[in-house]
Amino acid sequence: MSALAQHTAQAVAQPLAESAVQSVDWLAIAPPTLAAVAALVVLVADLFVPDARKPLLGWTSVAGLATSTLLLLPLLHGDRTTFCLTGHADLCSYSADRFTLVIQFLVLGGALLVALLSVTTLKDARTALPEGEYWFLLLSSAAGAALLPASRDLATLIVALEVASLPAFALVGIRQGDRRSSDAALKFFLSSVTATAVSLMGISFVYASTGTLYLTQVADRIQHVDGQLHTLAQTGVVLTLVGFAFKTAAVPFHFWVPDTYVGAPLPIAAYLSVVGKAVGFTGLILVTVVAFPSYADVWGPALAVLAALTMTVGNVGALRQQATRAYSAVRLLAWSSVGQAGYLLVPIAAAGYAKDPQKTIGSTVAYALMYTAVNLGAFAVAALVGRTRTRNRLTDYRGLYATNPLTALLLAFFLLCLAGLPPGVIGLFAKVTVFSAAVDAGLGWLAVVMAVNVVVALFYYLQWTALLFRAPEGEPAAHRLPAPLTAAITLTAVLGIALSGAPQLVLRFAGTTLF
């Protein structure tokens, strides 16, 4: 090759090589990255730490999640993007905007509280649960969950979804030799794999018809798809929505929830009820409002029907729980979480009808923030009672006020928040916000269905609350509060009480316009 030809080849290759290199904003990706690094540190340290010092792995994980949450603070001063397409600064795979930060706070804060619950659970298990693997899987799942709200292309979205989901399968079935745990993990695995397969097929159809994976570019191109590809694009949109409906535990894709919550370690059930749900709803928001706004006439009515079915089936399932049945308290929380998923779907459905869908989505985020705090608080008290009452029946809570008055009062507060009754003002405020979103969007029938379900839910929440203050049967059991469990209950209580005193802070934090 001549010198001129070599020089020409190098000149062409250099811009191509430069275009393949993307600059990385390390501060923007710091929260999920630190959680992932902490997971690797714990996994490696587990090889060298003696059994007597294994609790250090738990406190390292707590510190890692706390630091990841604190790293959100420097990002509050403006939107940041990274992993952008060269020459197209508006096409980025990662965006640390207001929506991302709020969901990351929910996810990492929720994972931190779950980690505090887990410290006590692993200590009580007395080596029945492998600590190193447990903390590695929890941190890995939290890292994936924190990555998902920042994803702005369909490939990154699916990768984040699976990074969040795959470790959760193992966490559900981590109890060695426990048949209930294995059955729960299998049901969860099969449902999630089905959801992923359906989502991937839908995304592949969307990519085939639009030629892009970036959400904003999909939104532009899917409106102008050639006639021959129009059916393919429609099918892709429907399949993608069905896949994410699985992840949100919307009816009829909810069948795995009760058995999975009962079979999993209680902190993992709490994790799935909050962080797992946040992952599904975040993905659903991104694909509907950001990627498929032009198909609002398809996903709006579909999600409205799903919301009505989900809240109704969830509340009826919770209502049917027998107080003397083993694990009835956990099952009630499981069915309750399905009902709450229906409420969370309402503003997303309303976004399909609203003139400003992004503002409507703020109602879902506000409700999710309330639900995270009080639901984790209820699970924390359930973990406390489960230390002495391993069957965790509703009847085990009878007379809790006689032995642990403060704990009983806090559980009553959490349940009243979930029911939407004073003094749980934050629960009432969140439900009114969701109700208003439905009415403003013209979904009067859905608002009526929601109102009926709120009344139905009052019965089982108040029934459980009344049990706390009844005279105990037989010898009352004293419940000793370990420090990590005390910290988890205290944090959720402080957050719930503070927000009940100033509920407007939730909407202000969630933002009237998130994107």
Side-chain angles (χ1 to χ4, degrees), residues 28-39 61-73 75-76 94-118 135-152 156-168 171 192 244 247-249 267-286 337 340-341 344 361-362 364-377 379-380 488 491-492 495 506 509-511 514:
I29 67 172
T33 301
L34 183 60
V37 170
S61 302
V62 169
L65 288 169
T67 307
S68 296
T69 307
L70 290 174
L71 283 174
L72 296 173
L73 295 177
L75 301 175
L76 295 175
Y94 189 103
S95 176
D97 54 22
R98 182 67 176 269
F99 175 77
T100 298
L101 299 183
V102 172
I103 299 298
Q104 284 183 339
F105 172 77
L106 187 157
V107 165
L108 294 172
L112 174 60
L113 291 169
V114 169
L116 290 172
L117 295 181
S118 301
W135 292 114
F136 169 72
L137 292 169
L138 180 62
L139 288 166
S140 299
S141 181
L147 171 63
L148 190 136
S151 304
R152 292 298 180 270
T156 307
L157 191 65
I158 286 295
V159 169
L161 190 66
E162 289 313 297
V163 172
S165 300
L166 289 174
L171 285 169
S192 292
F244 280 99
K247 295 293 185 180
T248 58
I268 301 307
Y271 180 82
L272 293 175
S273 75
V274 172
V275 178
K277 195 173 268 60
V279 165
F281 279 99
T282 301
L284 193 61
I285 289 170
L286 289 173
S337 75
Q340 299 287 344
L344 286 163
I361 291 302
T364 288
V365 178
Y367 196 96
L369 290 169
M370 178 283 299
Y371 173 73
T372 296
V374 298
N375 201 61
L376 284 176
F379 266 103
L491 286 172
T492 53
L495 189 57
V506 177
F509 182 66
L514 288 169

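For reference, positions follow the sequence shown, starting with 1. Computed from a prediction, not measured in an experiment: that's the story for all the values here.
Remark: Val159 engages Val163 in a side-chain contact (heavy atoms from CB on, under 4.5 Å) (not counting sequence neighbours). Checked against side chain to side chain donor-acceptor pair (under 3.5 Å), Tyr371 has the following partners two or more places apart in sequence or in another chain: Asn375. With sequence neighbours excluded, the residues forming a side chain to side chain donor-acceptor pair (under 3.5 Å) with Ser118 are Tyr134, listed by chain and number. Taking Thr156 as the reference, Asp153 meet the side chain to side chain donor-acceptor pair (under 3.5 Å) condition, with sequence neighbours excluded. Scored by the salt bridge (charged side-chain N to carboxylate O under 4.0 Å, His left out) test, Lys247 finds Glu162 as partners (sequence neighbours excluded).
Counting heavy atoms from C-beta outward, Ser151 and Tyr94 have side chains that stay 4.5 Å or more apart. A 4.5 Å side-chain heavy-atom check between Thr248 and Lys277 finds every atom pair outside the cut-off. At a threshold of 4.5 Å between non-hydrogen side-chain atoms, the residues Phe105 and Leu73 do not count as touching. Between Arg152 and Leu286 there is a side-chain heavy-atom pair separated by less than 4.5 Å. Between Gln104 and Ser68 the shortest side-chain heavy-atom distance does not fall below 4.5 Å. Contact check for Pro167 versus Leu138: no side-chain heavy atoms found under the 4.5 Å cut-off. Contact annotation: the side chain of Val374 never approaches that of Thr492 to less than 4.5 Å [non-hydrogen atoms, C-beta and beyond]. In this structure, the side chains of Thr372 and Leu376 come closer than 4.5 Å at one or more pairs of heavy atoms.
Across all their heavy atoms, Val275 and Gly110 have their closest contact at CG2-C, 4.2 Å. Here the closest heavy-atom approach between residue Leu65 and residue Ala142 is recorded as CD2-CB, 4.1 Å. Summarising the geometry of Phe281 relative to Ala341, their closest heavy-atom pair is CZ-O, 3.4 Å, with the distance given to 0.1 Å.
We find the CG-CG distance between Leu101 and Leu71 to be 11.5 Å, quoted to the nearest 0.5 Å. The line from CG of Leu34 to OG1 of Thr67 is 6.0 Å long, rounded to the nearest 0.5 Å. In this structure, OG1 in Thr100 is found 8.5 Å from CD1 in Ile103, a value given to the nearest 0.5 Å.
The side chain to side chain donor-acceptor pair (under 3.5 Å) contacts involving residues 135-144 comprise Ser141-Tyr271, where partners must be two or more places apart or lie in separate chains.
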